[in-house]
Amino acid sequence: MTRLARTTQEIHGTVADGFEAVREEFAAFVADEQPDYEGQLCAHVHGRRVVDLWAPGDGAGPDSLYGVYSSTKGAAHLVVALLVQEGTLELDRKVTYYWPEFAAEGKGALTLRELLAHRAGVVGTDGGFSPQELADDRQLAERLADQQPFWRPGTAFGYHALVIGALTGEVVRRATGRTLQEVYEERVRLPYGLDFFLGLPAPHEPRFRTAQRMVPTAEQRALLDSLPGGPHSLAAVAFNRHAAEPTDLELLPNDPLVRAKGPASVGGVASARGLAGLYAAAISELDGKAPLLKEDTAAEFGQLHSVGYDVVARSHRSYGLGFQATADTWHPFLGVGAFGHSGAGGCQAFADPRSGLAYGYTRRRCAFPGGAAPENDRLAGAVHRAALARR
C-alpha cells in the first residue's frame, strides 16, 4: 500500500499500488470543498481493500460513524436476499402469505417481488407518523397494514423512502420470528466485523458524528425552493412532511432514538469502511469467508425491476429488488447488474459484481441536492478505472 503524505487539507489513509489516481481525485475534491469538509472513502476489489481515505474535521477519523440515511436500505435488503437465497422467503409469493393483515384496503394481491420494487403504493399514511413511530419499524408496519394505497398496487412505482424497510422487515419478522435488525446483526454485521449498525449500541455512541445541514448557494436555494410539491403531495407523504411534526430528514440521524432502534429504511450508522465492507462481503470472498450471495442471487436482486417515471420522485429512477440499480440511476460507467443504495446526506455504497468493486463513501455535511453527492461520480469513476486497469 502507498501511504499518503499529510496535506493542508488533511487527507489521510492509504491506497494500493495502481490506485494513486483515486487519492489525487479525493485530494482535489477536498481542496475545493468547504473548509469544514469531513468525509471518508473506501473501496474493495475482489474482497481486497484498495482505498481507505479520509479527510477529518476536528476529532474525526477512519473509525468515525455517520448517519447513512437510505444507504441503510442496502443492509436491510441484503438480509432479504439471504433469506430468499435460502428459501425462507419466496419473491413471487403474496405478501399476505407471510403477513395476512397487509391485505386491508386492496393490497392483498401484491407479491414480495413487487413490494421490494417500490410498487406497493403505501409510501406513508394519510396523517403521517410521529417521531417515535418513525424510529420503530414495528409501529410503522402496523400503521401501514391498514393504509389505503396511494396508487393501485403493482401498477406504478414510487420511492417508499421512509417505510420500505419496515414493510419488508415485517415480512422478515413474520417468516423468521426475528426482526430484520436481529438477523442482520447475527448473519452479517457480527461475522464480518462491519462498522455498519442497524441499531447503534451505546458503547459506540462516542464515535458518532452529528449530521450537519446542507449549506446551499443562493442559486441552489432558489432551485430547492422552486421544486414542485404541495403539503399533501406524494413526496410530502413519502417524506413525512405532512405530519403534525414534519420530519427533518437532514437531521434525522441526530435523533438518539433513531440511532438506537436503527429503522431499516433510514436509521443506519456506518463508516465508509462499513459501507464498502458490506458490499464486499455480499459479492466477494472476504477475510476467508465465502460471498454472502451466490451469483444468481446477486444478479436477481440487481436486475432492473422498476424503471422509468417514479411517481414520488417525479423523475426517472431505476430499482432492483430493495436496491437501487446503481449503473442506471447514478453511475453509468458501472457494469450491468451493479446494485447498492445512496443516502440523503450524500453517502453512496454499491457493489459492481462484474468488476468485483465494492464502494463506500460518507460525508458529514449534507450535500446538494440530496442523494448521492455529486463528487461520487468522480470518486467512484476513479476507483472503477483503476480496478479495470489492474484486471
Side-chain angles (χ1 to χ4, degrees), residues 38-42 64-78 118 123-124 129 131 134-137 140 159-169 180-181 184 194-200 208-216 224 235 238-241 246-276 278-279 310 312-313 317 319 322-324 326 329-330 339-350 359-376:
E38 182 178 319
Q40 305 164 327
L41 174 65
C42 185
S64 296
L65 300 173
Y66 301 87
V68 294
Y69 302 88
S70 286
S71 288
T72 307
K73 295 176 175 72
H77 293 115
L78 179 55
H118 292 269
V123 294
F129 304 112
L134 201 60
D136 190 324
D137 282 347
L140 290 181
Y159 189 39
H160 290 56
L162 303 182
V163 301
I164 189 69
L167 292 166
T168 55
L180 185 151
Q181 288 85 351
Y184 170 75
L194 298 177
D195 268 348
F196 190 164
F197 298 89
L198 301 190
L200 185 64
F208 175 71
R209 305 285 288 177
T210 54
Q212 296 175 331
R213 289 193 184 281
M214 182 191 308
V215 182
L224 291 171
F239 287 94
N240 206 46
R241 295 196 297 264
T247 296
D248 185 339
L249 186 61
E250 286 185 308
L251 300 187
L252 189 63
N254 296 346
D255 184 338
L257 187 62
V258 169
R259 294 198 302 277
K261 287 185 171 291
S265 296
V266 291
V269 175
S271 65
R273 288 175 175 177
L275 291 171
L278 177 86
Y279 286 97
D310 180 314
V312 171
R317 293 290 179 92
Y319 301 99
F323 297 94
Q324 290 173 333
T326 309
T329 300
W330 296 111
F339 62 95
H341 221 292
S342 63
C347 55
Q348 175 66 296
F350 62 79
Y359 174 94
Y361 173 74
T362 59
R363 55 177 289 155
R364 187 179 187 189
R365 184 172 297 284
C366 292
F368 176 86
E375 63 265 22
N376 280 288

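- Closest heavy-atom contact between Ala349 and Ser71: N-OG, 4.5 Å.
- For the residue pair Ala272 and Cys42, the shortest heavy atom distance occurs at O-CB, 3.6 Å.
- Counting only N and O atoms by type, the side chains of Ser342 and Gln324 include a donor and acceptor under 3.5 Å apart.
- In this structure, CG on Leu134 lies 5.5 Å from CG on Asn240, to the nearest 0.5 angstrom.
- A pairwise comparison of heavy atoms in Ala367 and Gly346 identifies CB-CA, 4.4 Å as the closest pair.
- To the nearest 0.5 Å, the span separating CG on Leu275 from NE2 on His341 amounts to 12.5 Å.
- Taken from CZ in Arg273 to OG in Ser64, the straight-line distance is 10.0 Å, to the nearest 0.5 Å.
- Between the CG atom of Leu251 and the CD atom of Gln212 there is a distance of 10.0 Å, given to the nearest 0.5 Å.
- Summarising the geometry, atom CD1 belonging to Ile164 is positioned 11.0 Å from atom CG belonging to Asp137; distances are rounded to the nearest 0.5 Å.
- With rounding to the nearest 0.5 angstrom, the CZ atom of Phe350 is 13.5 Å from the CZ atom of Phe323.
- Residues forming a side-chain contact (heavy atoms from CB on, under 4.5 Å) with Ala75 (at least two apart in sequence, or on another chain): Tyr184, Phe196, Leu198, Leu278.
- Considering only heavy atoms from C-beta on, Val258 stays 4.5 Å or farther from Val266 through its side chain.
- Here the side chains of Pro253 and Tyr66 are not in contact, with every heavy-atom distance at 4.5 Å or above.
- The shortest side-chain heavy-atom distance between Glu375 and Tyr361 falls under the 4.5 Å cut-off.
- At a threshold of 4.5 Å between non-hydrogen side-chain atoms, the residues Asn376 and Trp330 do not count as touching.
- The side-chain contact (heavy atoms from CB on, under 4.5 Å) check on Glu250 picks up Arg213, Met214, Asp248, Cys366, with sequence neighbours excluded.
- Thr362 is not listed as a side-chain neighbour of Glu38, based on a closest heavy-atom distance of 4.5 Å or more.
- Sorted by first and then second residue, the pairs that involve residues 254-271 and meet side-chain hydrogen bond (donor to acceptor under 3.5 Å, both in side chains), not counting sequence neighbours, are Glu205-Arg259.
- Side chains of Tyr359 and Thr326: no donor on one and acceptor on the other come within 3.5 Å.
- Considering only heavy atoms from C-beta on, Asp310 stays 4.5 Å or farther from His118 through its side chain.
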